[in-house]
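First comes the structure, then the notes that go with it.
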Amino acid sequence: MKKSRFSEAQIVGILKEVELGAKVAETCRKHGVSEPTYYKWKSQFSGMTVSHLAQLRQLQDENAKLKRMYADLALMHHALKDVVDRKL
C-alpha cells in the first residue's frame, strides 16, 4: 500500500479545519489534496482525535501479532497431528 504524504495527525488536523468552518475546496487547495481524498479521509477518520488514532494503531498492531501467533500455532498443531497419525 502506498504511504501517504500526510500523517494521521495531519489528516485529523485538516478535517478539524473544515469542521471549524473552512470550505472544503479552499482547504483541499491549501493542503494540496483532492476533494475525493478529503471525503475518503472523512469517512475513515471522522470524529477521531489523535489519541484515538494512536490507540487504534496500537490495537491493529496487537491484532496482527496475535494473528501471526495463531497461524504459527495452527501450523505446528497440524504438523504434530500428522506425526501422531503416521505413528498409529
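In this structure, Leu66 and Met69 have side chains that are in contact, with non-hydrogen atoms separated by less than 4.5 Å.
With rounding to the nearest 0.5 Å, the separation of CG in Leu53 from CD in Gln58 is 13.0 Å. Rounded to the nearest 0.5 angstrom, Gln55 CD and Leu59 CG are separated by 5.5 Å. Taken from OH in Tyr70 to CG in Leu75, the straight-line distance is 11.5 Å, to the nearest 0.5 Å. Note: Thr27 OG1 to Glu35 CD = 9.5 Å, rounded to the nearest 0.5 Å. Ile11 CD1 to Tyr38 OH: the interatomic distance, rounded to the nearest 0.5 Å, is 12.0 Å.
The two atoms that bring Cys28 and Ser34 nearest to each other are SG-O, 4.0 Å, heavy atoms only.
In this structure, the side chain of Arg29 does not engage the main chain of Val24 through any donor-acceptor pair within 3.5 Å. In this structure a side-chain-to-backbone donor-acceptor pair under 3.5 Å is missing from Gln44 to Trp41.
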- Message: Set out, in order, the CA-CA distance, both residues' side-chain angles and the distance that settles side-chain contact (heavy atoms from CB on, under 4.5 Å) for Met48 and Leu56, then state yes or no.
- Response: CA-CA 10 Å; Met48 292 187 141; Leu56 177 65; 3.7 Å; yes
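With 3.5 Å as the limit, one finds a donor-acceptor pair spanning the side chains of His31 and Glu17.
For residues 44-63, there are no ring-ring contact (aromatic ring centres under 6.0 Å, His included) pairs, not counting sequence neighbours. Listed by first and then second residue, the salt bridge (Lys or Arg N to Asp or Glu O under 4.0 Å) pairs that reach into residues 38-62 are Glu8-Arg57, sequence neighbours excluded.
Atom NZ of Lys16 has more than 12 neighbouring heavy atoms from other residues, nucleotides or ligands inside a 6.0 Å radius.
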